[in-house]
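This report refers to the structure that appears directly beneath it.
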Amino acid sequence: MNAARAENLGPPLLGRLPPEVRKPAYDRAALEPGIAHIGVGAFHRCHQAEYTDDLLASHFDRWGLVGINIRPPMLAETLGRQDGLYTRLIRQNDEVEARVIGSIVRVVDSQDSAEPALEVLAWPDIEMVTMTVTEKGYCHVPSSGAVDLDHPDIVHDLVNPEAPRSVPGILVKALELRRASHGRPVTLLSCDNIPANGTILRNVVRAIAERRGNGLADWIAANVAFPSAMVDRIAPATTEADIDTVAERFGYRDDAVVVGERFRQWVIENRFAGRVPRWDLVGATFVDDVTPFEHLKMRVLNGAQTTLCYLGVLGGFEHTFEAVANPLLATFVRRMLTEETLPTLMPVPGISPAAYVEQSLARLANTAIRHRNHQIATDGSQKIAQRLLNPIRDRLAKGESIALLSVPVAGWMAYLVKASARFGRAWQVSDPFAERIAAIADRVGAGSKGLADAILAIDAIFDPSLAANDTLRANVIAALDGLLSKDPMAFVRHVCAEPIDARLKRPVRSA
Ligand code: CS2
C-alpha cells in the first residue's frame, strides 16, 4: 500500500484497524489533561506516553497528556489531525509489533511565543510536567551543572521574563502564574540524559527564580518537586521508511509514527508534589536514589552509543547496528565497558553490571533500529561528561588506567575537528561548540597536541582540574593522533592488541 494513498490514522479508523494492531483499551473521551510534556519527540512518544497509555489501560485514572513543543519538530498539526493518536512500532530484527497510543489528548506548538506553553503549564489540573528537551535545553554548563548565565536565551529571559524562550525561563514564568492564580503544587520531571537531571533542573529554575525576587524561589522550594529519573529506550528519529512500513504492513497512513526497541526502563526518584500518575503500577520503578541506575545507564548504554557513533563515523559506518557488527569496534567497546567503566559503578539493586553490558550490546546490535551515528553524535559536548568524563574522573582518582575511555573522548574531538575547513569539512555537525572547535582547528592546525590542548581548555566542557591531569592529556593526545591518522580503525586495532600504557611510551606526532 502506498503511504500517500492510504487513509490517515484518526478516531474514525480505530474500529477498522487490522486485529494485530493494538488499540487504546480505555475510553479516550473520558481523559482529562493532567500531565504536560515538553518536547514531544520520538523518545517521548515511545516512552512516557506509552507508560501512560499502559496506566490508562490498566487503572485509567483519567491522566491525559498535553504535549508542548517549543522547538521543532512542530507536531501540533500532524498529531492534531490524528486527534493525538499515533502508532508505536516495536522493531526487533525481523519482528514488527504495532500499537496505537491514545494517551496524548492535545499538542500545542509554542515555538514563536511562550504563550501557548504557559497557558497549559499554568492550568491547575496539570500536576505533573515531564520533559525531554535534550541535554542543551537545560541551559546549564555541562562541566559544572550550574545555569549558564551567558546563554543567549537565559540572557534574554532575565531581561524579558514575560516572554521567555528557554526551558528554565518558561518553567519559572509558568510557576509564577501558578503561584498567582491557584497555588497548586506540581512535579517537574526531567527525562533527559543529564547527570542528576532533577537537581540540575531545580538549580537552573531556582537561579532564575531568585533573580526574579518576590519570594518566588521560596514558593517553588515549598511547592514544586524535581525528582531525578533514569529513562531508557532506543527510539531514533522517524524516517519516511517508517511511515511507509505502517502503510505497507497495516494499510493506513500515520505521519507521527515512532519506532523503538522492545527494551524500556524508567526509574524515578520518589519525590513528588501534587498528584502522581502511578507509572510504578505499569513497569516504572520509584526509588529513593536514582544515582546507581543513572550511572549504569549513562556510562554503559549511552557510553557505548557515544563510543560507537564517533568511532563508527570515523570508520565509515552509518548506523549503530553496523558499527557494533564490526568485530573490532565490538571488541573495543566491550573491553572499555568491562575493564574501565564497570569498576566505576555503584552496586545497582537487582542488576548484574556484566549482564547489563551484554544486554546493552545486544540491544545496539538490533538491525531494525536504524539509529544514525550522526544523530547520536549530535551535541556531544553536552553528553561526554556523564557518559565518559565522569567515569574517567572516578578512575583517575583511584590511579586507574583510562586508556580505553580516552579513545571516545578523542573520537568526539576528531569528529568535530574533521568538520572544520582545515580538515576539508568531512561532514556536517550539530553541536553548540561546533564553531568554536572548528575555529580551533583552523587556528592551531592539524597537530593532535595543539588541538587537544586547545579543546581541553574549554572549561564549560572540561572541568579545569580534570583538563590539567597529565594522564588524561597524554591519553587523549595519543588517541587523537591515532584517530586523525589515515586509518583510524588501525589505531583501534592497535589499542585492542597492545596494552595502552605501552603505546604511551612511544613518541606522539605533534603540531
Ligand atoms: C542516544 C540516546 O542520541 C543519543 O544521545 O544516545 O537518545 C539513547 O538512544 C537513549 O538515551 C536510550 O535510552
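All values reported here derive from a predicted model rather than from experimental measurement. As the structure lists them, so they are numbered: ligands from 1, and atoms in each ligand from 1. The chain is numbered in sequence order, starting from 1.
Between the side chain of Tyr415 and the backbone N or O of Val313 there is no donor-acceptor pair closer than 3.5 Å.
Atom CZ of Arg271 is surrounded by 12 or fewer heavy atoms from other residues, nucleotides or ligands within 6.0 Å. Other residues, nucleotides and ligands contribute more than 12 heavy atoms inside 6.0 Å of the CD atom of Glu20.
Between the side chains of Asp242 and Thr245, no donor-acceptor pair of N or O atoms lies under 3.5 Å. Looking at Arg425 and Ser420, their side chains never bring a donor and an acceptor atom within 3.5 Å of each other.
Ring orientation note: the planes of His47 and Tyr51 are tilted relative to one another, at an angle of 30° to 60°.
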One line per pair, note the atom names and distance for all nitrogen or oxygen contacts under 3.5 Å between ligand 1 and the protein.
residue, atom, partner, partner atom, Å
ligand 1, 5 (O), Lys383, NZ, 2.8
ligand 1, 5 (O), Arg387, NH1, 3.4
ligand 1, 5 (O), Arg387, NH2, 3.0
ligand 1, 6 (O), Gln305, OE1, 2.7
ligand 1, 6 (O), Arg387, NH1, 3.1
ligand 1, 6 (O), Arg387, NH2, 3.4
ligand 1, 9 (O), Gln305, NE2, 3.0
ligand 1, 11 (O), Asn193, ND2, 2.8
ligand 1, 11 (O), Lys297, NZ, 2.7
ligand 1, 11 (O), Asn302, ND2, 3.1
ligand 1, 13 (O), Asp232, OD1, 2.5
ligand 1, 13 (O), Arg233, N, 3.0
ligand 1, 13 (O), Arg233, O, 3.4
ligand 1, 13 (O), Lys297, NZ, 3.2

